[in-house]
Amino acid sequence: MSSKDVNTKKVASKVWHNGEFIDWDDARVHVMTHAIHYGSSVFEGIRCYKGENGSAVFRLTEHMQRLLNSAKIYRMDIETSRQEFCDATIELIRHSGLEECYIRPIIFRGLDEENPAFGVNPFPNPIESYIAVWEWGKYLGEEALEQGIDVCVSSWSRITSNSMPAMAKAGANYMNSQLIKMEAILGGFAEGIALDDRGYVSEGSGENLFLVNNGKLITPPLGASILPGITRDTVIEIAKDLGIEVQESVIQRAALYLADELFFTGTAAEITPIRSVDRITVGPGKRGEITAKLQEEFFKIIRGERPAPNNAEWLTPITGDTNVKKSVAGLN
Ligand code: PMP
């Protein structure tokens with residue numbers, strides 16, 4: 001069992017780096033690291049939940065596949081396989097003793113200190129892969145899941161896919177997210193919703209978005225510069241399982257105000273109801289019935305209290321023993 005407290009945060013005492021486990025305090029980079037200057041990183045956010053049968057990571061394979069997809073878009077050649085990323089994650093959590101945690105794999109362009117390169121051209125810079133895990137509570141607050149949050153439509157547009165592909169979960173995309181988030185916070189809102197470059201609804205700074213209208217779910221298509229969210233996909237599958245119709249279509253800003261219910265989805269945000277947009281009350285101004293039903297099923301699935309739709313294997317257990325140890329160094 002090995003975790004440690006860093007001020008108020010509980011973190012695993014080890015970090016996985018390029019196939020080895022190193023101490024948390026040693027997981028550092030040089031200030032001339034390419035990613036710091038030019039945003040050249042891709043990453044994931046994954047959660048491990050404690051459930052009926054112990055702790056398990058939710059949709060680990062899908063997250064690691066998206067990580068590799070993001071890396072591929074940015075021509076980052078990775079020697080580690082998807083399975084190796086998954087195994088390393090399980091081993092890291094098992095070793096940490098954390099029952100519930102947030103998992104952050106990241107791949108970036110580093111710095112070859114023997115033969116440094118400082119230009120924009122990323123090719124001379126080595127690829128570095130890390131995985132860190134820590135305890136992280138509810139992203140938008142405990143209360144948000146029940147009461148809902150107040151959001152605004154951002155004056156910033158979402159990145160457009162022909163300049164910064166939203167399909168990649170790249171660090172640089174989060175400069176756009178930060179503009180959206182900061183504007184929202186300074187305006188007294190919990191989160192901002194960005195429109196795409198055509199003016200249609202895209203997504204939150206770190207969440208996908210769903211409307212409920214006449215018992216039907218509506219969500220922006222991938223073409224609206226959204227990240228293909230894994231929670232988004234989860235909600236679509238749960239809805240289908242419950243017999244709720246799901247439509248992916250372009251959404252006008254004004255439709256947000258008129259929705260019966262509105263909610264965000266994301267690994268960090270889970271399923272968070274939205275109670276107002278631009279200070280206009282949405283539906284009943286609190287969590288709606290369909291949102292509550294989807295949340296209920298979602299939380300049952302992530303805790304192993306009911307099978308996933310179509311019996312999909314969405315939970316990877318943190319077993320007491322794995323065969324990963326044989327392939328990685330640094331754990332004791
Ligand atoms: N959009 C953005 C911009 C995000 O950062 C996230 C969080 N990863 C999401 C959507 C939701 O994706 P997921 O459900 O896979 O966490």
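Please read all numbers here as calculations on a predicted model, not as lab measurements. First listed ligand is number 1; within each ligand, the first listed atom is number 1.
- When all heavy atoms of G45 and Y102 are compared, the pair lying nearest together is CA-OH, 3.1 Å.
- Between R306 and D241 the shortest side-chain heavy-atom distance falls below 4.5 Å.
- Ring geometry for F298 against F58 counts as perpendicular: the plane angle is over 60°, on a 0 to 90° scale with 30° as the lower cut.
- Nearest heavy atoms, T267 versus R47: O-NE, 2.8 Å.
- A side-chain contact (heavy atoms from CB on, under 4.5 Å) with I226 is found for exactly one of N208, T219, V201, L209, namely N208.
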List, pair by pair, the atoms of ligand 1 and of the protein that are both N or O and lie under 3.5 Å apart, giving the separation rounded to 0.1 Å.
residue	atom	partner	partner atom	Å
ligand 1	1 (N)	E203	OE1	2.7
ligand 1	5 (O)	K169	NZ	3.4
ligand 1	5 (O)	Y174	OH	2.4
ligand 1	8 (N)	K169	NZ	2.8
ligand 1	14 (O)	I230	N	3.3
ligand 1	14 (O)	T231	N	2.8
ligand 1	14 (O)	T231	OG1	2.5
ligand 1	15 (O)	R66	NH1	2.8
ligand 1	15 (O)	R66	NH2	3.0
ligand 1	15 (O)	I230	N	2.7
ligand 1	16 (O)	T267	N	2.9
ligand 1	16 (O)	T267	OG1	2.6

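- Between Q178 and S205, the side chains place no donor N or O within less than 3.5 Å of an acceptor N or O (distance only, hydrogens not considered).
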